[in-house]
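What follows is a set of notes on a single structure, which appears directly below.
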Amino acid sequence: MKIDAIRTAASRTPAKVKNLSAKIPRKVTIDNLPIVAGGIGLFTPIPFASVVLFGLGKLTQIVVKKFLHKP
């Protein structure tokens, strides 16, 4: 009886990281700040860091557009 090798998450990770890094914009602007912050949160080992950083990025975006942005 042959036992198949167990596939680990580490073997699939490089493809996911490659796809994710292609979606993260190279230049950070106020319009894509939440996406970039959430993407950085994905790479940290802290639980729920992606959600928290996305929220902080969105809050920063709203504050800047509301008070500091001059049309």
Side-chain angles (χ1 to χ4, degrees):
M1 184 167 141
K2 183 179 175 184
I3 299 174
D4 294 332
I6 297 173
R7 291 184 180 174
T8 61
S11 65
R12 293 178 289 194
T13 303
K16 287 183 180 180
V17 170
K18 187 176 182 181
N19 289 340
L20 182 64
S21 64
K23 292 179 183 178
I24 295 176
R26 298 281 185 233
K27 201 177 220 183
V28 179
T29 62
I30 197 64
D31 293 328
N32 61 11
L33 179 65
I35 286 51
V36 173
I40 291 171
L42 286 175
F43 294 114
T44 61
I46 302 168
F48 302 109
S50 178
V51 175
V52 171
L53 287 177
F54 178 81
L56 284 173
K58 189 65 177 174
L59 181 67
T60 305
Q61 181 185 37
I62 291 170
V63 167
V64 167
K65 284 189 172 187
K66 199 68 126 162
F67 297 111
L68 300 176
H69 183 68
K70 302 199 177 181

Side-chain polar contacts of residues 33-47 - donor-acceptor pairs under 3.5 angstrom, sequence neighbours left out - could you list them?
unit_1 : atom_1 : unit_2 : atom_2 : d
T44    : OG1    : G41    : O      : 2.9

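Residues N32 and T29 meet the side-chain proximity criterion, which asks for heavy atoms closer than 4.5 Å.
Under the rule for a side chain to side chain contact (heavy atoms under 4.5 Å, CB included), the partners of V64 that lie at least two apart in sequence or sit in another chain are I30, T60, L68. Scored by the salt bridge (Lys or Arg N to Asp or Glu O under 4.0 Å) test, K65 finds D31 as partners (sequence neighbours excluded). Evaluation of the side chain to side chain contact (heavy atoms under 4.5 Å, CB included) rule for L56 yields V52, L53 as partners, not counting sequence neighbours.
Here salt bridge (charged side-chain N to carboxylate O under 4.0 Å, His left out) pairs that include residues 47-58, with residues two or more places apart or in two chains, number zero.
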